[in-house]
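One-based numbering, in listed order, for ligands and for the atoms of each.
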Amino acid sequence: MARVFFYSPHPDDETLSAGLALVWYLAHGYEVHVVSMNRGGNGGPLGSFNGNNVCNWAEHAYTHNPGREGYPTLTPAAIGAARILECRSAIGAMATVTPTAGYTAGALYHHEGGLLDAFGTSPSGVNDVKTIIAGYAASHPNSFHHTMSYTDDHPDHAACGEGLRQLKLENPSLVNSRFFVSRLYWGPSPPRPADVAATPGLAWFNAGPRKAEFDSVLRNRVVKAFSAWSPAAGSYAIGYHQVAGQFANNFGPSASIANLWHA
Ligand SMILES: [Zn+2]
Ligand SMILES: [Zn+2]
């Protein structure tokens with residue numbers, strides 16, 4: 001069984017930037033490993049959840065009251081734990097895709113990298129990323145390894161890309177590694193950043209003739225994991241509280257779902 005790893009800087013990047021590709025891999029019988037490098041505990045508007053201000057998510061736009069709504073005051077650690085569950089729900093939904101004719105269903109594995117919040121700004125950040133990827137490359141030879149582009153403006157994303165970029169140069173077995181570009185940098189409006197445009201092998205992921213079905217899995221199942229508000233059950237819609245605009249741009253009713261990657 002062909003095998004692919006996606007090193008996701010935070011829970012949601014695997015969906016926002018590589019979701020279409022991951023659904024394609026699962027439909028084509030791949031063993032898909034998603035590695036959440038960091039839990040994203042610093043992400044998500046803590047003040048909104050804890051009722052310190054009017055909730056910033058437009059769907060809410062009221063002031064939360066944790067006690068009345070049935071959930072404890074949230075901490076960064078609680079946010080991180082809840083984001084991991086959102087990610088696992090999302091990739092589990094990806095795996096509901098019907099296998100393409102001639103293929104058996106793909107297998108899905110979730111792992112955690114355990115990197116600290118803001119690891120991308122740590123002096124050891126890139127090396128920490130390399131250690132994690134090199135470990136999986138050694139334990140699972142003949143796999144594909146993907147992450148976010150090293151051109152990304154987010155330090156954590158860029159550190160993941162830079163780590164894989166260095167390993168790819170050092171290790172011929174990683175020659176097929178690819179880097180996904182966040183929709184934030186696709187252009188043309190604002191213009192595509194020059195460093196993205198200059199990457200080798202920049203191309204749209206080719207999802208093939210079943211793309212409409214894959215889009216439907218993403219739009220109608222996967223993203224629900226990030227918008228489900230059921231706080232007494234531990235489901236906090238953190239993805240939408242944090243980056244509702246990105247979910248709308250990637251998966252909204254009028255969005256053209258796509259993934260952009262480079263070599
Ligand atoms: Zn991220
Ligand atoms: Zn809210």
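The closest side-chain heavy-atom distance from E31 to V4 is not below 4.5 Å. No side-chain heavy atom of N206 sits less than 4.5 Å from a side-chain heavy atom of W24. With contacts defined as side-chain heavy-atom distances shorter than 4.5 Å, the pair L74/P66 does not qualify.
Near-neighbour remark for the Zn ion (ligand 2): protein N, O or S atoms under 2.8 Å are C55 SG, H60 ND1, H64 NE2, H241 NE2; waters not counted.
Separating the CZ atom in F214 from the CG atom in L22 is a distance of 12.0 Å, to the nearest 0.5 Å.
A ring-centre distance under 6.0 Å is found for F49 and H241. Taking the six-membered ring wherever Trp is involved, the centroid distance between the rings of Y71 and Y236 falls below 6.0 Å.
The backbone N or O of W261 sits nowhere less than 3.5 Å from a side-chain atom of R178 that would complete a donor-acceptor pair.
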Tell me which donor-acceptor pairs under 3.5 Å the side chains of residues 85-94 have, and how far apart each pair is, sequence neighbours excluded?
residue: E86; atom: OE1; partner: G239; partner atom: N; Å: 3.1
residue: E86; atom: OE2; partner: A237; partner atom: N; Å: 3.3
residue: E86; atom: OE2; partner: I238; partner atom: N; Å: 2.6
residue: S89; atom: OG; partner: L85; partner atom: O; Å: 3.0

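Think of Y103 as one node in a network of Ile, Leu, Val, Met, Phe, Trp and Tyr side chains linked at under 4.5 Å; it has no links at all.
Within the protein, the number of N, O or S atoms lying under 2.8 Å from the Zn ion (ligand 1) is 4.
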